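Source: prediction; values computed, not measured.
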Amino acid sequence: MEVTPNHTQTVAGWAAMNESGKVEPFIFKRRENGVDDVTIKVQYCGMCHTDLHFIQNDWGITMYPLVPGHEITGVVTKVGTNVTTFRPGDRVGVGCISASCLDCDHCRRSEENYCDKVTLTYNGIFWDGTVTYGGYSDVMVANKRFVVRIPENLPLDAAAPLLCAGITVYSPMKQHGMLQSPGGSLGVVGLGGLGHVAVKFGKAFGLRVTVISTSPAKEREARERLKADEFVVSTNQKQMQAMARSLDYIIDTVSAKHSLGPILELLKVNGKLVLVAAPDQPVELPSFPLIFGKRTVSGSMTGGLKETQEMLDLCGEHNITCDIELVSKDRINEALARLARNDVRYRFVINIGANSKL
């Protein structure tokens, strides 16, 4: 099991051993804390839809055994001699990325997520040649560049999903000028883990927010709990037509195959649609709504580390966290089955640190 000599730390976690969609207890080795490393006692780990895709090998790239989890919060227990920004006792987080080349144009611009050599927090190959294991485990060792600080006023459990869901919607909002567009209009397709955070960001930044969903049952929570201004059922042609050409931006968070045509019609001329989810089949993209509205479709994946810290600090200022359901360690498979049915409001977070001493 040890690939390199310094992988001597025994760690308890939960791993998928095959495509069954389930995880099981798994003991494995992590590297010792190096000079540039931070060791973290994991307290909480969010459960992302991506975890499910990897567990089931939906994308055909899973390396088993797989320890998922890239929405990790915890407390620093050890730092390397070159680490000056963190110390034991600090509240920190690790998101989707655990390494990059650190030397290309993207890395120099703090866009590590677009580096050709980006390494994911799990199911990636680290600098030392080992496979990375994620946050469904009680200890994490991370390079200092890929660790962020969690603001003191944010609870570690409800802040955990910000490290994926939060930054994934924040990054395109920043890129497309939505943070500086008070009075602008934002559409959010899908009211799940990513969508509900996008609504919260939109409201915090002074945008008029419309939720676009296939589920009429979500209208009340969208308007009352999340303070959305409008709610549109995407299968209701009348409602969709009434909203035609009314939105400046749309963030599409739906991870199932769907047509972008009806959604594009909601955009004003010059409007922008950003895809942040990853359906396992291509989405439908008719050309007429693009051509007749001079509209743009783009994609965005997570964010760099500087941007992630900036997002967390803004969440601290605006007191934004995720709406979560806490999961005990013995109920992870139950939560995965519910996640597959989209039966969660709005993010499961595993209570990894329960009953453990720092």
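Separation of atoms CG (Leu266) and CG (Leu273) is listed at 9.5 Å; rounding is to 0.5 Å.
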### Residue pair Asp252, His258: steps toward the side chain to side chain donor-acceptor pair (under 3.5 Å) verdict
CA-CA 10 Å; Asp252 187 337; His258 58 293; 2.6 Å; yes
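Here the side chain of Lys227 pairs a donor or acceptor atom with the backbone of Glu224 at under 3.5 angstrom. In terms of modelled atom types and a separation under 3.5 Å, the side chain of Arg91 and the main chain of Gly74 share no donor-acceptor contact. Using a distance-only test at 3.5 Å, with no hydrogens or angles considered, a donor-acceptor pair links the side chain of Arg295 to the main chain of Leu264. A donor-acceptor distance shorter than 3.5 angstrom exists from the side chain of Thr121 to the backbone of Ile97, with no hydrogens or angles considered.
In this structure, Asp323 and Lys200 have side chains that are in contact, with non-hydrogen atoms separated by less than 4.5 Å.
Other residues, nucleotides and ligands contribute only 12 or fewer heavy atoms inside 6.0 Å of the NZ atom of Lys117. More than 12 heavy atoms of other residues, nucleotides or ligands lie within 6.0 Å of NZ in Lys203, so this atom counts as buried by the packing criterion. The environment of CG in Asp116 is sparse: at most 12 heavy-atom neighbours from other residues, nucleotides or ligands sit within 6.0 Å.
In summary, the aromatic rings of Trp14 and Phe26 are positioned with their centroids too far apart to meet the 6.0 Å limit.
For Thr10 and Lys29, the side-chain atoms include at least one donor-acceptor pair closer than 3.5 Å.
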